Amino acid sequence: MVLTDTHTHLYYETDTDKRAQMMQRCLENNIGRLFLPNVDSASVPMMFDLVKTYPDACYPMLGLHPCSVKDEWEEELAAIQPALHQHKIYAIGEIGIDLYWDKTFLTQQVQAFKLQIQWAKTLKLPIVIHCRDAFDEVYQVLRNEHDENLRGIFHCFTGTLEQANKIIDLGFYLGIGGVVTYKNAGLDKILPQIDLKHVVLETDSPYLTPVPYRGKPNESAYLIYVAQKVAELYQISVEDVARITTENSEKIFGV
Ligand SMILES: [Zn+2]
């Protein structure tokens, strides 16, 4: 059994011993593939450092997180861009729109999102979308940019069934993480109505820790609790969840 964490910031742990222990716990829980999104120019070297240490398990992605889009967003993008050509990367992400924390830079967030979609189209890479309190804004960009090559993951999906279907119709996958284990989040009611062929798993570590570790820092090894909950909701085995969602991730990332 191989589980794929399609979204983890494990590189935030810079203590090499603690990192080694985290990677060991991944192995013990059959989490064999970790896809890493940076968030800004400062996190690029941290991410590649982890990739260099664990090249068989870690797959880098590159982008500018919407919460890191401020006045100097163009300089930030210019600082990230060279790395696109210096390394093999597997997606542009995480990119998108976040209006939960701050609406000040909405215009800039949309501009940065569109520009990075162009990167993805040029490099024929999938995109990994961060969307918070901004579904309509993100959807409008995706509708306008839609073509036969644009594809990817709607990371940390927590929306309605109607929103899920709109995303799937555009050819995107839903990234499902720890929120599915939270009582009252409602995702457990929606998810079984969605074919698992449209779903990938993620932790978004160190955030959004699944039950039974909710409230503590998250790590990729806890993907097993997400997989167990998804298996319970679909009434299939964890092995089947691992097989289907890892196959989905292979289709997206080409690896
Ligand atoms: Zn993230």
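Model, not experiment: these values are computed from the prediction.
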- Message: With a 4.5 Å cut-off on side-chain heavy atoms, are Glu94 and Ile129 touching?
- Response: no
Is it true that a side-chain atom of Gln116 and a backbone atom of Leu64 form a donor plus acceptor pair closer than 3.5 Å? yes
Sequence neighbours excluded, the answer for salt bridge (charged side-chain N to carboxylate O under 4.0 Å, His left out) partners of Asp147 is Lys121
To the nearest 0.5 Å, atom CD of Glu202 lies from atom CG of Leu34 at 13.0 Å
Tested for side chain to side chain contact (heavy atoms under 4.5 Å, CB included) against Val230, the lone hit among Val238, Ile244, Val241 is Val241
Go through the steps for Leu3 and Asn29 under the test side chain to side chain contact (heavy atoms under 4.5 Å, CB included), then give the verdict.
-> CA-CA 8 Å; Leu3 283 160; Asn29 286 299; over 6 Å; no
Heavy-atom nearest pair, Thr14 first then Met46, reads CG2-CE, 4.2 Å
Rounded to the nearest 0.5 angstrom, the NE2-CZ distance for His155 and Phe172 is 14.0 Å
Side-chain heavy atoms of Glu145 within contact of Gln118, under 4.5 Å:
yes
**Glu28, CD atom: more than 12 neighbouring heavy atoms under 6.0 Å** = yes
CD of Glu76 to CG of Asp40, rounded to nearest 0.5 Å, is 5.5 Å
Close side-chain approach of Tyr225 to Thr209, heavy-atom, < 4.5 Å
no
What one should report as the nearest heavy-atom pair of Ser220 and Asp5 is OG-OD2, 2.7 Å
Practice problem: Tell me yes or no: between the side chains of Gln109 and Glu137, is some donor less than 3.5 Å from an acceptor? | Solution: no
CG of Asp188 to NZ of Lys183, rounded to nearest 0.5 Å, is 10.0 Å
Requested in this report: Look at the rings of Tyr12 and His9 and say which category their plane angle falls in: under 30° parallel, 30 to 60° tilted, over 60° perpendicular.
Outcome: parallel
TODO: Look only at the side chain of Gln163 and the backbone of Thr160, and say whether a donor-acceptor pair between them is shorter than 3.5 Å.
DONE: yes
- Under 3.5 Å: donor-acceptor pair, side chain of Asn144, backbone of Gln140: yes
* To do: Please assess Glu247 against Arg243 for the test side chain to side chain contact (heavy atoms under 4.5 Å, CB included), listing each intermediate value before the final yes or no.
  => CA-CA 6 Å; Glu247 273 173 18; Arg243 181 177 50 76; 3.7 Å; yes
Using a 6.0 Å cut-off, check whether atom CD of Gln86 has over 12 heavy atoms from anything other than its own residue.
yes
**Prompt:** Does some side-chain heavy atom of Asp195 sit less than 4.5 Å from a side-chain heavy atom of Tyr234?
**Reply:** no
So side chain to side chain donor-acceptor pair (under 3.5 Å) across residues 97-108, not counting sequence neighbours, yields Asp98-His130, Asp102-Thr104
Members sharing Ile252's hydrophobic cluster, built from side-chain contacts under 4.5 Å between Ile, Leu, Val, Met, Phe, Trp and Tyr, are Phe35, Tyr59, Met61, Tyr90, Val128, Ile153, Tyr173, Val200, Phe253, Val255
ask   = Does a side-chain N-to-carboxylate-O contact under 4.0 Å join Asp136 and Arg143?
value = no
TODO: Decide side chain to side chain contact (heavy atoms under 4.5 Å, CB included) for Ile224 and Met1; before the verdict, give the C-alpha distance in whole Å, the side-chain angles of both, and the deciding distance to 0.1 Å.
DONE: CA-CA 11 Å; Ile224 190 70; Met1 171 168 103; 4.0 Å; yes
What one should report as the nearest heavy-atom pair of Lys229 and Thr181 is CB-CG2, 3.9 Å
Closest non-hydrogen contact found for Leu99 with Asp133 is CB-O, 3.6 Å
Problem - Single-linkage hydrophobic cluster, 4.5 Å side-chain cutoff, Ile127 and Leu123 together - result: yes
### Query
Is there a side-chain contact between Thr6 and Leu36 (heavy atoms, below 4.5 Å)?
no
Evaluate the side-chain proximity of Arg33 to Ser249: yes if any heavy-atom separation is below 4.5 Å, no if none is. yes
Check: Would Thr246 and Thr4 count as having a side-chain donor-acceptor pair, cut-off 3.5 Å?
Finding: yes
Does Leu187 reach the side chain of Phe157, with side-chain heavy atoms less than 4.5 Å apart? yes
- Query: Can Ile236 be reached from Val199 by stepping across I, L, V, M, F, W or Y side chains whose heavy atoms are under 4.5 Å apart?
  - Reply: yes
Check your understanding: Under a 4.0 Å N-O cut-off, is there an ion pair linking Lys166 with Asp169?
Key -> no
Taken to the nearest 0.5 Å, the spacing of Cys67 SG from Phe105 CZ works out to 11.5 Å
Review point. Any side-chain heavy-atom pair from Arg19 and Asp49 closer than 4.5 angstrom?
Key: yes
Find out if a path of hydrophobic residues (ILVMFWY) with successive side-chain heavy-atom gaps under 4.5 Å connects Tyr222 to Leu27.
no
d(Thr8 OG1, Ile31 CD1) to nearest 0.5 Å is 10.5 Å
Establish, from distance only, whether the side-chain atoms of Thr245 and Asn248 form a donor-acceptor pair under 3.5 Å. no
Just list the side-chain donor-acceptor pairs under 3.5 Å for residues 210-219, sequence neighbours left out, or say none.
| unit_1 | atom_1 | unit_2 | atom_2 | d |
| --- | --- | --- | --- | --- |
| Asn218 | ND2 | Thr203 | O | 3.0 |
| Asn218 | ND2 | Tyr207 | O | 2.8 |
| Asn218 | ND2 | Leu208 | O | 3.4 |
| Glu219 | OE1 | Arg25 | NH2 | 3.2 |
| Glu219 | OE2 | Arg25 | NE | 2.7 |
| Glu219 | OE2 | Arg25 | NH2 | 3.3 |

Scanning both residues in full, the closest heavy-atom pair of Pro37 with His7 reads CG-NE2, 3.4 Å
Hits for ring-ring contact (aromatic ring centres under 6.0 Å, His included) against Tyr139, two or more places apart or cross-chain, chain-then-number order -> Phe135
Contacts of Glu72 meeting salt bridge (charged side-chain N to carboxylate O under 4.0 Å, His left out) (sequence neighbours excluded), chain-then-number -> none
Closest non-hydrogen atoms of Ile80 and Gly63, given as atom of the first, atom of the second and distance, are CD1-O, 3.6 Å
